Every structure is written in structure tokens, then in C-alpha cells.
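We count ligands from 1, going down the list as the structure has it; atoms in each ligand are counted the same way. All values derive from a computational prediction rather than experimental measurement. FYI, the numbering just counts along the sequence from 1.
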Amino acid sequence: MSKTLQAIRGMNDILPAQTPIWRYLEGTFAELLASYGYSEIRLPIVEYTELFARGIGEGTDVVDKEMYTFLDRNEESLTLRPEGTAGCVRAVLEHGLTGGGQVQKLWYTGPMFRYEKPQKGRYRQFHQIGVEVFNQPGPDVDAELIVLTARLWKRLGMAEAVTLQLNSLGSSEDRARYREALVAYLQQRFDQLDEDSQRRLTTNPLRILDSKNAQTQALLADAPTLADYLDDESRAHFEGLKARLDAVGIAYQINPKLVRGLDYYGRTVFEWVTDKLGAQGTVCAGGRYDGLVGQFGGKPTPGVGFAMGVERLVLLLETLGLVPEALDPAPHAYLCAFGEPAERAALALAERLRDQLPWLRVLVNAGGGSFKSQFKKADKSGARFALILGDNELAARTVGCKPLRDDSEQQNIAWDALPECLATCLEQG
Ligand code: HAM
């Protein structure tokens, strides 16, 4: 017997029982972003590998260990996008969307791919909803991004379950000076570092700050802190952000060890974290990347954004019991037909109903069946009404209309009167 085919580890099917929650989340987000003046952009899933190597940075876990990279038939190295920012920057540059200092406020959603060790909340194909803003250098827009995510948590009912962590990574010069000091400090304690941190000391020393190793964390307690290396401008930028968050009443924790896993960040970085999902508790993360457009060969253009993990938010909605009821509403009517002439007429009748009542959810029985079996299916579908079409009704151009959710009597209704009748009954119910 041939082996049963299975999905790739860490790449999940999203089954019909789940899709309404996804649509709810995506719909809520899209509506919210429209209210803040953001527009949607749709981007390719595959890009040249170089885009990510240059954008996210060699030496990051994402680029060094986690990319799905392959040669196409033309021997070009391509990569399934591990995140959305690099592709979005490429697109705005390629289409001249940020030329002349034009402000762009964009959002996107879709699958991302990282070869990580799968566990609850961490997958190899996962989905992000992301936002990127270009040509807005001030802390006002950083604050707006955080404010709008806070509003999303409120709309979803999960504001109590997430907390905001904030840090400033300063300018690239600030980080270079800090990196030197940190490396000097850790070099003297090299033997006490975990293996991963020893490697990072040469590849990406700032990432040592968010090491999960307890001994490394203990060593870091007395290490120099980035906050002491910020120049006046970065400090003012960070103060400006904090003052705005204070003004709108958004609580935050300053986390001096928040450095993020992608190299393009400078100044503001933030993460929304929950303790309800176990180890993979970051549901939304982002920050400022004023150097990235320049790095791709464009005119220096400030950028800032974030992305949230859709799987993690769906898990959180489910864990907290916040999935609204009736996300996938039952049909209004289930049309039963007996005999082939009636079946043909049923198909046409349902189409007429849909012409006149586009909002109506009507299921037409398929596959024939006895009165009893069709009625059972009508009941199981959750429909409010069973519509019955047999030879007699066909001859009289009527349908039997039987309420399924209360004890009211069945009525016979002329086809022409049916749309209005249904509309009235459903409105009243
Ligand atoms: P990131 O922190 O790599 O940032 O990912 C953002 C969010 O995507 C995470 O906080 C998490 O919720 C979700 N996520 C990441 N990896 C996985 C995974 N393997 N499985 C499930 N969910 C995951 C970025 O990607 C940046 N592009 C965000 C950004 C946009 N910064 C500025 N603009």
C-alpha cells in the first residue's frame, strides 16, 4: 500500500471550523486600519534570496538557519519570504511610491516561511498581518502604530491579556559604540557564555541580550546597557514616543534587552506579549528601520512597522474564550425537492431567491433522498425554514414553508411571493 500523503511538518491546514475565526480577525483588522487611513498592498511570496540576505542581515537566525531557499530552473536563488518588511520595501522602491517624500501607510497579510522547530504557536508556514509606514521620521507615527494595535486588542476583547514592551536601539552609530563595549565586557567572560552566545559574540553580539540561557542572563546583569549609549536625538525620539503613549494612557514596560531578531531596526522597537500561550507569547512585534530603504539603494527614507502572528492571535482568542458566537451563521433556508422535475425547479427557484435577496443563505438539497432524510438534513443544517417542493407544489407553483426552530404551522407560499415572505419573516425573527 502506498504511504498516506501528509502535510509538511510545521505547515498547517486551516480547516473550515477555523476559517471563520481567521476571517473575523482579518476583517476586524482591515476595518480598523481603514479607519486610520492605511491601504492594502499585496506582495509576492517568493523573492530573490539576496533581498532577505541584505535586508534582514547575514548573521541573523532567520537568514542563516531558517530560510526556504532554492534554485529555480534558471539557477536563480529564490527564497520563500520569511517576513514581509523586506518585500514591502522592495515594492515601494520599485514602484516609486516613496519618491519626493511621499508618505505611505500600508498593510499586508499572508503566509511567511521559516525553518524553525515547530511547537505550539511556532510553525514553518505561519501568517502575519503587517503594517509599514514610510517617510514619517517622528515618534508620532510610532505612537500611532502602537495605539492602533492597542485598539485592536480592545476590539477583540483581549486588552487585559497582552502587555507592551518597549526599547530604543538608537542610531547605527550608537549601536556600534555599544556593541564594542558589550563585546569587550563579554569577551572577558567568554568561557562562562553558552555556546550560542559565544558564536554570536562575533556574528551578532546584540542578540546575546535576549539569550534564554540563565547563566548568560546572569552575566548580563552587570553588562553595559544600550540606553547609556543613545545620542541626544535618539533619546529625544524615545522620550517623544513615551510621552505620547502616556498621553493616551497606554501602559508599557521598558525592556532594555529587547533587541529583535532582524538586523534592520534602529530606534523604536516594541513587542506585545502574552503569558497565556506558553513559550511563544509574542503576538505582535515591530519597530523603526530608517536605514533599510537606503540599504536597498533607495534615497534614505524613514520606515517603521510591525507584524502580528495570526496563528498566535487565533490561539489566544480560543484560549480566552473570545471567539464570537455565530461567526459562521447557519443558512436561512434549506430547500428540499422530491423527484427530478421538482429538483430542477428547486435549482431555478433558489437562483431567483438569490437574485432578489442577495444576503439570503439558502441551501439546496443535493443527492435526492426521502422526505425524512431531507428533513433531517434541513434540521441539521441549522436553517430557520425548510422549503418543500414536490409534484403538487410544482403544479401549483408554490412551496411549503416549514419553520424549523419553533412550532408554527407550515404554510404554502406562491413562488412570486416567496422572496418578500422570507424577507419579512427573517427580519421579524
Ligand atoms: P518578527 O518578530 O520576526 O517580525 O515576526 C512578527 C510576528 O510574527 C511575531 O511576533 C509572531 O507573532 C509571528 N511569528 C514569527 N515567527 C513565527 C512562527 N515561526 N510561527 C508563528 N508565528 C510567528 C517581523 O517579521 C517583522 N517583519 C515585523 C516588522 C514589520 N517590523 C517592521 N515592520
Side-chain angles (χ1 to χ4, degrees), residues 8-12 14 22 25 29 38 41 43 47 51-52 55-57 60-63 65-68 80-92 104-134 136 141-142 145-146 148-149 152-153 158 162-165 167 169 207 210 258-274 276-293 301-317:
I8 297 164
R9 193 161 114 84
M11 304 210 179
N12 300 314
I14 300 153
W22 283 63
L25 200 58
F29 191 74
Y38 288 70
I41 184 166
L43 302 159
E47 300 268 3
L51 177 80
F52 303 114
I56 300 170
T60 58
D61 280 354
V62 172
V63 170
K65 302 191 210 158
E66 296 171 1
M67 295 210 298
Y68 280 88
L80 299 184
R81 62 181 182 193
E83 57 101 56
T85 309
C88 190
V89 168
R90 187 225 13 94
V92 296
Q104 292 291 342
K105 297 166 82 176
L106 305 170
W107 70 272
Y108 53 81
T109 179
M112 310 288 160
F113 302 84
R114 294 183 195 176
Y115 194 82
E116 294 195 83
K117 207 164 172 199
Q119 63 178 87
K120 180 182 167 193
R122 187 165 73 194
Y123 311 102
R124 289 181 174 170
Q125 174 175 327
F126 60 97
H127 296 73
Q128 285 185 345
I129 304 178
V131 169
E132 315 292 350
V133 179
F134 296 97
Q136 291 278 26
V141 74
D142 305 29
L145 291 179
I146 290 172
L148 76 83
T149 48
L152 180 70
W153 313 141
M158 55 170 70
V162 288
T163 52
L164 174 64
Q165 304 213 343
N167 194 18
L169 300 181
R207 280 315 300 269
D210 65 6
L258 181 65
V259 285
R260 311 272 303 119
L262 315 161
D263 264 4
Y264 45 63
Y265 293 111
R267 293 203 172 144
T268 310
V269 285
F270 66 93
E271 290 191 356
W272 284 98
V273 186
T274 179
K276 308 278 189 274
L277 294 181
Q280 304 305 316
T282 306
V283 290
C284 172
R288 186 162 274 286
Y289 49 88
D290 291 344
L292 188 57
V293 177
T301 302
V304 58
F306 66 80
M308 38 184 90
V310 182
E311 282 82 355
R312 291 184 192 179
L313 288 174
V314 169
L315 270 172
L316 193 54
L317 282 172

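In this structure, Asp263 has no salt bridge (charged side-chain N to carboxylate O under 4.0 Å, His left out) partners at least two apart in sequence or on a different chain. For Thr274, there are no side-chain hydrogen bond (donor to acceptor under 3.5 Å, both in side chains) partners two or more places apart in sequence or in a different chain.
In this structure, Gly261 has no heavy atom closer than 4.0 Å to ligand 1. At least one heavy atom of Gln128 sits under 4.0 Å from some atom of ligand 1. By the 4.0 Å heavy-atom criterion, Arg260 is counted among the residues contacting ligand 1.
Salt-bridge formation is detected for the pair Glu271/Arg260: a Lys NZ or Arg NE/NH1/NH2 atom is positioned less than 4.0 Å from an Asp or Glu carboxylate oxygen. The pair Glu47-Arg90 counts as a salt bridge, with a side-chain nitrogen and a carboxylate oxygen less than 4.0 angstrom apart.
Within ligand 1, the atoms closer than 4.0 Å to a non-hydrogen atom of Glu83 are 25 (O), 26 (C), 27 (N), numbered from 1 in the order shown. Atoms of ligand 1 found under 4.0 Å from any heavy atom of Tyr265 (numbered from 1 in listed order, with element): 26 (C), 28 (C), 29 (C), 31 (N), 32 (C). Taking every non-hydrogen atom of Gly121 and a distance limit under 4.0 Å, the qualifying atoms of ligand 1 come out as 20 (N), 21 (C), 22 (N). Close contacts of ligand 1 with Val283, meaning ligand atoms under 4.0 Å from a residue heavy atom, involve 12 (O). Near Glu132, meaning under 4.0 Å from any of its heavy atoms, are these atoms of ligand 1: 30 (C), 32 (C), 33 (N). Residue-ligand proximity, Arg122 to ligand 1, at heavy-atom distances under 4.0 Å covers atoms 19 (N), 20 (N).
For the 3.5 Å distance criterion, the side chains of Gln128 and Thr109 fail to qualify, holding no donor opposite an acceptor.
When the heavy atoms of Leu262, Asp61, Leu145 are ranked by distance to atom 24 (C) of ligand 1, first place goes to Leu262.
Neither the backbone nor the side chain of Val62 comes within 4.0 Å of ligand 1, counting heavy atoms alone. When heavy-atom distances to ligand 1 are checked against a 4.0 Å cut-off, Phe270 has no atom that comes that close, whether in backbone or side chain. By the criterion of a heavy-atom distance under 4.0 Å, neither the backbone nor the side chain of Glu271 is placed next to ligand 1.
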